[in-house]
Amino acid sequence: MINPRSEAVLIRNRETGVFEDQTRNIARYKFQPEGQRIGIVFTKGNKVFPYGPDRVQILRSSARRVMAAGDRVEVGGSIWDSATETVTFTGAYGAWSRVFYRTRAGETYRTYPAAQVRVITSGTAIPLVNDVLSYWRTIVSRLSSDDPLRPGYDRLTFVHPESVLSSYLAGAPIESRPLDIAPIFPFRCNLSQRKAVENALTSSVSIIEGPPGTGKTETILNLIATIVAVQHKTVGIVSFGNAAVDNVRDKLDELGFGHVLGNLGRKQKREEFFAGQAIRSTAVAQFVASAPQPPDPQQLAALDRRLQGLQEDERIRADRRQALDAHRLELRHFKAHLQQEQLPDLDRLPLLKKSADRIIDYLAESQVELAGKRPGLLRRVRNYFRYGSLRALDPADTDVVLRLQLAYYTKRITELEREIELVEGRLRQADFDRLSRNHQQLSAQFLHAELADRYRKLKPTAYDANSYRTSRAFANFIEDYPALLSTCHSLRASISDGYLLDYLIIDEASQVNLLLAGLAMSCARNIVVVGDQKQLPPIPVDAAADLTPPMPAYDCRQHNLLSSLSELHGAVLPRALLREHYRCDPVIIGFCNKKFYEGELIPYTTSGAERPMIVVRTAEGNHMRQHHGGGRSNQREIDVIAQEVISDHCRGIDDADIGVTSPYRLQADKTGDVLDQLEADTVHRFQGRQKQVVILTTVLDETWRGRTGLPFVDDPQMINVAVSRAIRRFILVTNHDMLPTSRHIQDLVGYIRYHNPDEEVVDSAVVSVFDLLYTAYSQRLRPLATRLRKELKYPSEDIVWTVLNDIFAEQRYAHMTAVPQVMLKNLLLNLDRLTPAQAAYVGRRASLDFVVYNRVTNRPLLAIEVDGFAFHENNPAQLKRDAIKNEILRVYEMPLLRLPTTGSGEEQRIRDALTAAESHWAHRSTQ
């Protein structure tokens, strides 16, 4: 017999033209004299079969490799766990590899072209990879015996070195590549979504940050379309549960491309999928028959370039609309602030004919000049040309400044209206909506044509649920279904052993813990992580409590997949924030935007409700009950919802469009019992869903038991999810005191009050700092201060300014900001409480060095004065002015922190003052 480790006999099949390994059927062979046929003797009866030289290859081994413990053989993209050895043969027709492997009957082998076979070493050969997996496996071993993670990690004995899991666990740099082929966008597309898709196609790891209502599903769909139809590659789409991937399936079905999806996952889904193959085959045949011609690539590229420019205009329009609404609201507050004021008539002043930017420039520059030297001749000449004649102006007069501030608002509103009109004109002239539809239709036409071409080349095949994962069957299966839907738990069990998908998309990644993510990442070469760190995280893995991870980035208790990648790669991690928001009323998403997203979101919606956000508080009393069996409820809040909120604030809204949510399961269940026609559920369960009206019942009261629940109810991610579920109206139902010791709920209440200034609420005599005015003001003040720094008397203020900004960068103080040089007159609702001397002092543009305020509610929290020794402590006249200022702030109950430059421990003093100020205002709100 022929030794299979030293020789190989391959015979070309007459029908297919492919060489096939016949070594095991051959007892011996012999060469006839040159020029005649070759004789081959088969084992059965020693029968001789003559073949011509072009149909026979006699190969001899040239290399041999025995598998080490961490080695595996990969054949055509599939891993053979049972392979024991490879032998390479060379001949006139190229190289071949023979793979020896174990079966129940013993050792056998198969032979393939050498290009299809390679030996690879597990990523666990890298010490860090092995250490992290050992840490994770220890955690999994502590889980219950029926936990679905356990069988997944039992099978994860080999980590493909080219998998994203291997590079992630090794802390390897993110790989980048050029964008060779332009993506297509058969679904809705905007600038942020373009950036997200391009990042995903050019990086081995990328993040798509998808705040609520920003079109992350459309982004995923466009990415799938490009991967499958443009790059002709494979992709897996997974999530923690089935809801997110079902959404992807439904949207692809709607557009007629659902047949590219292999909808796998749990057993029931898999059975449904395989049972529906006949229907799918019919649909594919119809799809191919109806396929259009592909669009002209140049036409599509030209339209795409033109559309990008118009999308810039579309974003500008939405941004300006947002700014216009904000300025109109602030002007409304400002006019209420000025009701008792008689402002000077400055209509002839040239400055009032200038732009809003010029007015704010003058206000900023005059403030700097009041604090330093008078400008020289050249600067006075320059100011004359910038601002016109200023002889009629006294920059120290508070009423003059108020008049200029009023002019700023009215000018800026007019300018914004004009900008919006111009942009809308450009969009109308270009017929932007029609171009957007055409671009989407051409992209869909391209997708249809490419997929039809793909399926023309494939034979209709009915796959069996028990055998489709074998290496030969799966190669055909993944051609037929290049996009696989699954859960993180099930993906690895849904594909051929060791097979690597080209891409993995993990949706709702903020809810995916590292153990789940690890299983999914073992199945792909590139990963796209879609989620929102501001949404609710996964439940912490308690089994990891006493274990120390090899590196902080892999800590299962501290991180989900999103935060882990951020910890691991830092600033080099490719990120795309989806900024364009399409779901909520602008006022509703405006809270989330200011509070959680640092103003990065741009609402593309317009306001449709009179009062998009409402606070309803119960009558005084402690109405929360804590149950012995666990959980909390508040029947009074349920009664208020049932008897008042629904009838008063939900008229004309279908029951199916109203949702009631609560942090507590028991409260949600009790609400559902009373309002069985409405959907009532916990905030955690509402994540990923939406309703026209959302009602949040907070449950807690002001008893000590109630306050113990505050860290849970006041969780920022909880509040963000609850508010952002509402499309047209959000209603907060809470206790009479409105949880005054909370942080995020108090910001929510303050924000709602600020947007409903005509509501009958008791407000402090200290009004909000006008956010946009002082944002614009301080932006100009800072470069001016830098330019004039050598002329300023108080460089110590720069030090405090730096310390404040360092503090506000911390999560604990992220809702705060500071504004320099705030006039007392802008801070006080009226001067009725002041003596004539105090009022005169305020009228001379008396200001505070800094005011710290809540940037969500615009409420001032703390005044800060920086006292230089020479100008304050060693200056009797200034000490008298300081005493007047102290008394004014005391009268209006505004907390004040003075920081003498001769003191120490300023950072801690600021922190203590901020804490005390928040407590002060929380106490005030209950009075």
Identified side-chain contact (heavy atoms from CB on, under 4.5 Å) counterpart of Leu748 within the set Thr698, Thr857, Leu732, Thr734: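 When Thr698, Thr857, Leu732, Thr734 are each tested with Leu748, the side-chain contact (heavy atoms from CB on, under 4.5 Å) holds only for Leu732.
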
Among Val683, Val660, Val733, side-chain contact (heavy atoms from CB on, under 4.5 Å) partner for Leu696: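 Testing each of Val683, Val660, Val733 against Leu696, the sole residue satisfying side-chain contact (heavy atoms from CB on, under 4.5 Å) is Val683.
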
Measure the shortest side-chain to side-chain distance between [X] and [Y] over non-hydrogen atoms and say whether it is less than 4.5 angstrom.
{"X": "Val699", "Y": "Val713", "value": "no"}
{"X": "Ser510", "Y": "Pro537", "value": "no"}
{"X": "Arg743", "Y": "Arg812", "value": "yes"}
{"X": "His337", "Y": "Lys825", "value": "yes"}
{"X": "Tyr362", "Y": "Leu393", "value": "yes"}
{"X": "Asp394", "Y": "Arg844", "value": "yes"}
{"X": "Ile588", "Y": "Ser724", "value": "no"}
{"X": "Met816", "Y": "Leu861", "value": "yes"}

Under-4.0 Å salt bridge between [X] and [Y]:
{"X": "Arg911", "Y": "Glu906", "value": "no"}
{"X": "Arg728", "Y": "Asp585", "value": "no"}
{"X": "Asp747", "Y": "Arg855", "value": "no"}
{"X": "Asp882", "Y": "Lys885", "value": "no"}

When you measure from the side chain of [X] to the backbone of [Y], do you find a donor-acceptor pair of N or O atoms at a distance under 3.5 Å?
{"X": "His649", "Y": "Arg729", "value": "no"}
{"X": "Asp714", "Y": "Ser742", "value": "no"}
{"X": "His920", "Y": "Glu893", "value": "yes"}
{"X": "Asn720", "Y": "Lys534", "value": "yes"}
{"X": "His581", "Y": "Pro212", "value": "yes"}
{"X": "Asn805", "Y": "Trp801", "value": "yes"}
{"X": "His623", "Y": "Ala619", "value": "yes"}
{"X": "Asn854", "Y": "Arg859", "value": "no"}
{"X": "Thr398", "Y": "Val842", "value": "yes"}
{"X": "Gln746", "Y": "Trp921", "value": "no"}

Contact summary for [X] and [Y], nearest pair of heavy atoms:
{"X": "Thr661", "Y": "Thr682", "result": "OG1-C, 3.3 Å"}
{"X": "Thr708", "Y": "Arg632", "result": "OG1-NH2, 3.1 Å"}
{"X": "Glu600", "Y": "Leu577", "result": "CB-CD2, 3.5 Å"}
{"X": "Leu827", "Y": "Pro860", "result": "CD1-CG, 3.6 Å"}
{"X": "Leu402", "Y": "Leu338", "result": "CD1-CD2, 4.0 Å"}
{"X": "Ser366", "Y": "Arg845", "result": "OG-NH1, 3.0 Å"}

Euclidean distance, [Y] [atom2] relative to [X] [atom1], rounded to 0.5 Å:
{"X": "Ile602", "Y": "Arg321", "atom1": "CD1", "atom2": "CZ", "answer": "12.5 Å"}
{"X": "Arg403", "Y": "Ile359", "atom1": "CZ", "atom2": "CD1", "answer": "8.5 Å"}
{"X": "Glu209", "Y": "Tyr597", "atom1": "CD", "atom2": "OH", "answer": "9.5 Å"}
{"X": "Leu828", "Y": "Ile888", "atom1": "CG", "atom2": "CD1", "answer": "7.0 Å"}
{"X": "Arg833", "Y": "Thr835", "atom1": "CZ", "atom2": "OG1", "answer": "14.0 Å"}
{"X": "Asp701", "Y": "His736", "atom1": "CG", "atom2": "NE2", "answer": "13.0 Å"}

Parallel, tilted or perpendicular, as decided by the 30° and 60° cut-offs, for the rings of Tyr409 and Phe334: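 If you compare the ring of Phe334 with that of Tyr409, the planes turn out tilted.
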
Parallel, tilted or perpendicular, as decided by the 30° and 60° cut-offs, for the rings of His327 and Tyr408: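 Tyr408 vs His327 ring planes: tilted.
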
Stepwise side-chain hydrogen bond (donor to acceptor under 3.5 Å, both in side chains) check, Asp912 with Thr915: CA-CA 5 Å; Asp912 293 343; Thr915 301; 5.6 Å; no

No-hydrogen, no-angle side-chain donor-acceptor test under 3.5 Å, Glu702 and Asn622: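 No, no side-chain donor-acceptor pair sits under 3.5 Å.
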
Any side-chain donor near an acceptor of the partner, Ser847 and Gln821, under 3.5 Å: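 The criterion, which ignores hydrogens and geometry beyond distance, is satisfied for Gln821 and Ser847.
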
Ring centres under 6.0 angstrom apart (Phe591, His755):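 No.
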
Criterion side-chain hydrogen bond (donor to acceptor under 3.5 Å, both in side chains) on Gln405 and Asn826, from CA distance to verdict: CA-CA 10 Å; Gln405 290 174 344; Asn826 278 144; 2.7 Å; yes

Greater than 12 external heavy atoms within 6.0 Å of Glu610's CD: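 Counting neighbours around CD of Glu610, 12 or fewer heavy atoms of other residues, nucleotides or ligands fall under 6.0 Å, so no.
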
Test applied, side-chain hydrogen bond (donor to acceptor under 3.5 Å, both in side chains); reference residue, Asn886; option that passes from Arg881, Arg898, Glu865: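 Single side-chain hydrogen bond (donor to acceptor under 3.5 Å, both in side chains) partner of Asn886 among Arg881, Arg898, Glu865: Arg898.
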
His815 and Phe808: CA distance, side-chain angles, deciding distance, ring pair (Phe, Tyr, Trp, His ring centres under 6.0 Å) verdict: CA-CA 8 Å; His815 61 300; Phe808 299 150; 8.8 Å; no

